[in-house]
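Please read all numbers here as calculations on a predicted model, not as lab measurements. All heavy atoms count here, side chains included; hydrogens, waters and symmetry mates do not.
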Amino acid sequence: MGWYEHELGWPVVDGPPPALVTGVRFDALDAPAEAGFAMLSRFSRPGLLGPVALDGHRVRLLVAAGTAEELPGLLEWLEWGGIELDLAALGAGRTLRAPAHPEWGRREAAYDRSAPVWLRPPRPGFDVESTVPALRVAREADETGVPVGLTALVAALATACHRVALRARCPDQPWAFSYASRMVAGTRPRSLTS
């Protein structure tokens, strides 16, 4: 895993499998893969999110170091406090399994389906701190390549995690106010009836 240590400057714990140390250069948000893929489609422009890894059925979004300590308060401030979400943060003293080098990752995953892979790999030559979401004043990422703010990311990720949980509990429940739910209920949208 010399790529992480030498080219990116990330701390690594050796062992089978090698692991990236969180809480030093970055933390990681841990969410269900379905919610993570919703985030990737919502923030699809390059540079909006930092590196993103898929490890089994979990997505790990790298965010600014210190996010793990801020997450409970941020969720409370966003009015998600008291709602059980399948969303966690890996901070100081934790690790995450290191995906293979982006050029090798797909080949390794073909042999080992449980091997983590990069969905959005880190960019060599860039400090990870400048490419990951962090608490900041701006609401949206601007055209300068600054990543989306942590508040916007956590709000959208909490919503996606909650939707995943609702779908798991009631898979046949149509979404309120959606075109499909209106058709199922027999109340077509006004634009289709006039």
Side-chain angles (χ1 to χ4, degrees), residues 20 22-23 25-92 94 96-97 99 102 116-123 126-171 173-182:
L20 302 175
T22 57
R25 302 277 313 267
F26 54 83
D27 285 355
L29 293 178
D30 177 68
E34 186 178 347
F37 287 124
M39 291 304 307
L40 290 175
S41 66
R42 179 168 179 172
F43 299 111
S44 58
R45 266 189 313 142
L48 288 180
L49 296 175
V52 179
L54 175 67
D55 189 356
H57 297 286
R58 308 293 296 176
V59 168
R60 309 278 169 70
L61 295 99
L62 284 118
V63 292
T67 297
E69 291 83 28
E70 298 289 336
L71 185 63
L74 184 55
L75 287 170
E76 186 69 37
W77 184 77
L78 291 168
E79 298 183 356
W80 284 105
I83 298 173
E84 190 171 327
L85 299 171
D86 189 7
L87 174 60
L90 305 173
R94 304 282 306 272
L96 59 104
R97 290 191 327 155
V117 295
W118 286 113
L119 299 175
R120 290 199 181 162
R123 298 183 301 181
F126 289 88
D127 284 334
V128 70
E129 292 86 356
S130 66
T131 63
V132 296
L135 284 174
R136 60 189 189 95
V137 176
R139 197 170 95 52
E140 291 292 328
D142 52 27
E143 298 300 321
T144 63
V146 175
V148 69
L150 184 64
T151 305
L153 173 66
V154 169
L157 190 55
T159 301
C161 288
H162 189 60
R163 285 182 177 157
V164 167
L166 289 175
R167 274 193 214 116
R169 279 188 236 134
C170 305
Q173 174 70 36
W175 291 100
F177 308 114
S178 70
Y179 176 77
S181 67
R182 303 272 312 268

Name of the residue among Thr67, Leu74, Val63, Leu61 meeting side chain to side chain contact (heavy atoms under 4.5 Å, CB included) with Val154: Leu74

Thr22 side chain vs Arg94 backbone, donor-acceptor pair below 3.5 Å: yes

Approximate separation, where rounding is to 0.5 Å, of Leu150 CG and Leu71 CG: 8.0 Å

Under the side-chain contact (heavy atoms from CB on, under 4.5 Å) test, residues paired with Ala68 that sit two or more places apart: Asp27, Ala89

Between CD on residue Glu70 and CG on residue Leu75, distance to nearest 0.5 Å: 11.5 Å

Closest approach of Ala31 to Leu157 (non-hydrogen atoms, all atoms of both residues): CB-CD1, 4.0 Å

Under 3.5 Å, sequence neighbours excluded: what are the donor-acceptor pairs made by side chains of residues 47-58?
| residue | atom | partner | partner atom | Å |
| --- | --- | --- | --- | --- |
| Asp55 | OD1 | Arg97 | NE | 3.2 |
| Asp55 | OD1 | Arg97 | NH2 | 2.6 |
| Asp55 | OD2 | Arg97 | NE | 3.1 |
| Arg58 | NE | Asp30 | OD2 | 3.2 |
| Arg58 | NH1 | Asp86 | OD1 | 3.3 |
| Arg58 | NH1 | Asp86 | OD2 | 2.8 |
| Arg58 | NH2 | Asp30 | OD2 | 2.7 |
| Arg58 | NH2 | Asp86 | OD1 | 3.2 |

Contacts of type side-chain contact (heavy atoms from CB on, under 4.5 Å), residue Ala156, not counting sequence neighbours: Met39, Arg42, Phe43

Stepwise side-chain contact (heavy atoms from CB on, under 4.5 Å) test for Leu20 and Leu62: CA-CA 11 Å; Leu20 302 175; Leu62 284 118; 5.6 Å; no

Closest non-hydrogen atom pair, Leu87 against Cys161: CB-SG, 4.1 Å

Spacing of Leu96 atom CG and Phe26 atom CZ [to the nearest 0.5 Å]: 6.0 Å

